[in-house]
Structure formats: C-alpha cells, structure tokens
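So you know, we letter chains A, B, ... as the sequences are listed, proteins then strands, and number each from 1. Predicted model, so just to flag it, every value in this text is computed and none were measured.
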Amino acid sequence: MKVNVTVNGEAYERDVEPRTLLAYFLRESLGLTGTHVGCDTSHCGCCVVLLDGDRAVKSCNMFAVQADGHAITTVEGLEQAGKLHPLQQAFWDQHGLQCGYCTPGMLMTCVAFLKHNPKPSEAEIREGISGNLCRCTGYQNIVKAVQQAAGAETAEAVAS
Amino acid sequence: MFPAQFDYQRAHSIDEALSALASHGGDARVLAGGQSLIPAMRFRLARPAVLVDINPIDELAFLRESNGFLCVGACTRDYAIEVSPLIASRYPMIADTSVLVADPVVRQTGTVVGSLCHNDPAGDWPTTSLAARAQLVLRSKSGERTVSIDDFLVDSYTTAVKDGEMVTEVRFPTPDDRTRGSFYKMERKVGDFATASAAVRITLGADGKITGAGVAIGALGPKALRVGDAEKLLVGAKPSVDLIASAAREAEKTADPGADNRGSVTYKKAMAGVLVARALRTTFERLGVKGLA
C-alpha cells in the first residue's frame, strides 16, 4: 500500500504492508534510526514522534499507513541549521541523559508538552513525562532540562 | 511482535465506514485511537482480517452538549476531554477519569469510545460510564439504535456491537446543579491498568436526601460492575459516615476480582470498599455536604 508522508519537512513515498508500524517504517524504510523502539508494547515512550507538529504519539502503536497525508517530526528534525532545539540544548546543559536510549522519545514528548503548557510547574512536568520511562532513572535532570527549556523558549519568544 | 496481516481501509465518512463494515462483517474491526487494539494485534490476541480506519472522519471528533447530554464522538481523543473547560466546570467525574487514563502520551491518541468498545475489565471509561448511566449510539447500514451502557458492556472485551455496526458516539447525561460525581483509581504506576477503580454520581434533593445514585467499580470482575445494592441504599437516605460505610460494604460484596500480581482477591475486595468510600466522600464534598471527610 502506498504511503505519502512528510517527515521532518521532506516528502517521502513508500510502498508498505498495512501492518508495518510507524516506528519500524521510520527506522527501516526511511533510515531514520533516531526514533528508538524500547518496550514495543506502548509503555515506555522511547518511540514518541510528533504528528502534525503538536501531537505526541507512540510510533510503535500506530501503523505507517495511518500517517498517509500527515507530517511527522522525529528527533532528527529538532535541530535547525546546525543549532540544537532549546530542549536538546537544555538536555545537554543539564545532563538530562545518561545512556540516551529514552532521550529521543523524551524530547519529542516534551516538545509537544511545552507547546500545550509553555510554563509548567515541576509537578506538571513530572506528570507530562510520566508516559516515558528512563531506566537510568535520570528524571531529576530531565525535569531540570525541561524547566530550562521552558524558560529559554519564553525568553526567545519575548526577544522576537 | 508484528500484527498478523490485515487489509486496511481508510474511511472518510460514516457512510464509507459503514459500507466497509457491512461488506466484511465480523472479520472487520474499527480502528480509532488504536491504543488498545494495536497492542492486542501485536500480541496476536486480536487478528482482524480488515481494519476500517475512522480517524479521517472529522465529523466524529466532537465534544458538545445537546438535549441534556454530553456527546462524545468516536474520534474524540482523551486529551480533548482532559483540556476541555466545559468538562472541567460541569463534569467532575469525567474530568477525574480523563487525567487517570493510561499516560499523557497515550491520551493524545486514545479515544473514549474506543475504550468502551474494547471493554477491558480494567478500563477506566466503562466504570465511569456505568456510574453516569451513559448511552451509546450505534449505527449500521440499516439504521441507528441507542443502547444503555449496562446492555452495551456484555462481558470481558465483548460489547453489544453487532457485525456491520459501529459506535458513533457516547452520551453522558448532563448533571443538574444538585448532581456531582467523582472517580478514583488505584494503580501501581502511571499507565498501568487499574488494580481497582470506582466511580460515583449522586443527586441530592432540596431536603438533603439522595434522589439519584450511580455506583460502579472497575478491574474487580469480568467487566466493570454496577453496585446496584449500594445505589438502592443510597437513594432516599441522607449522606452520613454510616451510609458511606454501608455503601462501601456493598461494593466489597459485588466485587468479583481475580488474584494477580496487582493483589489478592481479599485485598482487591477491600479496595472496592475503600475506593467507593473515597468517591462518595469526594462527591458529597462537591455537593457541599460538610463533616463527612
């Protein structure tokens, strides 16, 4: 079955079986291996991508054919013109990752989260990332990173 | 694991979906959020030959009050409920439920109607819908029918939806000024299925006596269960500590859980009582009844 999707701003057409999951489509058909597959059962959140810019979805829990006509953003799409996304920079600054396995999903979840809630409290951040597991249990610094990004994004918005 | 092979059909209108369902009968399943169906397919617990994807049907993504009901369309996501000012101000039991379903990412895709159609014994929406006395609107090529939630939830993972039919919306009666509710869920961690859950909806008369009661428990039997004996003893009584304790005992009696790694039968039955008591206390508080906390 034909699928036409825009991923990180680039249009792709591929022929896929309907049962192909979006996560595997991204990794194996498009070679975008930044999206990780963790638990493969929709619990861990490693595979989160954005659908049409603002909806976080677990891509192991959606078929590639469902993305037809939609725009997907993966972690590869966050960096713009050699400049890290404010959330990526904040994860760097705050040491918001250890092994890095959960990071792509964590970042994509947080991008959508901050779009919906630009000035979250710490409790709201912890609730917001509760569908993403970090088995290094580095939540402390992930929360700090989201706090930094929330401030940074607001500062940029004020400046522009 | 990957799901078994299936044929994928994208529906752009209700008529298209109904035609696809009519031509494939029991081999077809409706795909809405897919947050339960896709994992079930991956474990090969579900092997539909045809998936009819209703996500492109924009007219099914609605959330509105109409004729005394809150109407939630088959494509309305949990997240839309969670952030709705209308739900926050007028439907406290539904608001309580909306933030406890699965996890925040799953809620951006999962749907209320899909949860009801999946009818997981530990699902949250079946419990709340029972307490609310919700109705479901089912459509097929031959027409439309309305089914009460009690008749809709047949057994574990089984509903009253017939071959060729789909649920287009669920309707929750709009509470009047003297009606409030609440929902409680006990879970080991975020995103886990409930160990036990309870939903309560109470209408208080001007004389301080209860005139209407809905009490339901979840994850405590083959499906969400109505605690009819608690409802009977609540109606006509005045809120009191003893009344709450009596209703909680009825919930313990109604509960019919299985033992698993979330708890023993004895523990879960006890939690049925604890959660119903908590839900009643919160509901009475929301109704302005003092001194029961």
Side-chain angles (χ1 to χ4, degrees), chain A residues 1-3 16-25 28 37 39-52 54-70 105-106 108-113 115-117 120 123-133 139, chain B residues 1-12 28-29 31-56 58 61 75 77-80 82-83 98-110 114 187-193:
Chain A
M1 188 165 194
K2 282 265 187 298
V3 176
V16 298
E17 269 194 278
R19 63 174 168 167
T20 306
L21 295 151
L22 180 60
Y24 292 88
F25 173 78
E28 293 170 9
V37 175
C39 68
D40 228 3
T41 54
S42 85
H43 284 96
C44 78
C46 277
C47 64
V48 170
V49 300
L50 298 187
L51 186 69
D52 297 327
D54 64 354
R55 196 170 115 204
V57 294
K58 296 188 177 180
S59 64
C60 81
N61 216 5
M62 176 176 171
F63 295 113
V65 287
Q66 290 182 268
D68 185 75
H70 291 277
M106 207 54 99
M108 302 319 285
T109 295
C110 293
V111 169
F113 172 71
K115 276 192 183 171
H116 299 144
N117 187 355
E124 286 169 343
I125 293 170
R126 289 184 181 275
E127 165 65 19
I129 61 171
S130 61
N132 294 69
L133 300 181
Y139 296 108
Chain B
M1 198 151 85
F2 291 98
Q5 285 185 322
F6 60 88
D7 182 24
Y8 173 82
Q9 301 200 2
R10 198 176 286 126
H12 296 278
R29 285 289 300 270
L31 174 64
Q35 301 301 288
S36 298
L37 180 58
I38 295 175
M41 288 173 68
R42 301 192 63 176
F43 288 122
R44 308 276 172 116
L45 298 171
R47 300 180 71 140
V50 180
L51 276 192
V52 180
D53 184 359
I54 61 168
N55 283 283
D58 292 336
C75 291
R77 320 233 173 243
D78 287 317
Y79 182 73
E82 188 179 339
V83 297
S98 71
V99 294
L100 290 171
V101 173
D103 67 54
V105 177
V106 169
R107 290 199 295 269
Q108 292 177 52
T109 298
E187 56 186 354
R188 293 179 307 172
K189 55 174 277 295
V190 169
D192 192 22
F193 286 105

Heavy-atom neighbours of B/Phe193 CZ exceed 12 at 6.0 Å: no
May I have the step-by-step check of side chain to side chain contact (heavy atoms under 4.5 Å, CB included) for B/Asn55 and A/Met62, ending in yes or no? CA-CA 12 Å; B/Asn55 283 283; A/Met62 176 176 171; over 6 Å; no
Name the option with the most non-hydrogen atom pairs under 4.5 Å to chain A; the candidates are B/Val105, B/Val190, B/Val83. B/Val105
For chain B, find which of A/Asp68, A/Thr41, A/Leu51 contributes the most heavy-atom pairs closer than 4.5 angstrom. A/Asp68
Where does B/Ala102 contact chain A at under 4.5 Å (heavy atoms): side chain, backbone, both or neither? neither
Given that the side chain runs from C-beta out, which part of A/Asn117 has a heavy atom under 4.5 Å from chain B: side chain, backbone, both or neither? neither
Nearest-0.5 Å distance, CE of residue A/Met1 to CG of residue B/Asp7: 8.0 Å
A/Val48 portion near chain B, given a 4.5 angstrom heavy-atom threshold: side chain
Check whether A/Tyr24 gets within reach of chain B through its side chain, its backbone, both or neither, counting any heavy atom under 4.5 Å. side chain
How long is the span from the SG atom in A/Cys44 to the CG atom in B/Asp103, to the nearest 0.5 Å? 10.0 Å
Starting at CZ of B/Arg42, measure out to SG of A/Cys60 and round the result to the nearest 0.5 Å. 5.0 Å
Rounded to the nearest 0.5 Å, what's the gap from CD on B/Gln35 to NZ on A/Lys58? Could you check? 8.0 Å
Rounded at 0.5 Å granularity, tell me how far OG1 in A/Thr109 sits from CD in B/Gln108. 7.5 Å
Nearest 0.5 Å please: distance from the CD atom of A/Glu17 over to the CZ atom of B/Phe6. 9.0 Å
Does A/Phe63 form a side chain to side chain contact (heavy atoms under 4.5 Å, CB included) with B/Leu31? I'd like the steps, not just the answer. CA-CA 10 Å; A/Phe63 295 113; B/Leu31 174 64; 4.2 Å; yes
Region of B/Leu51 that comes under 4.5 Å of a non-hydrogen atom in chain A: side chain
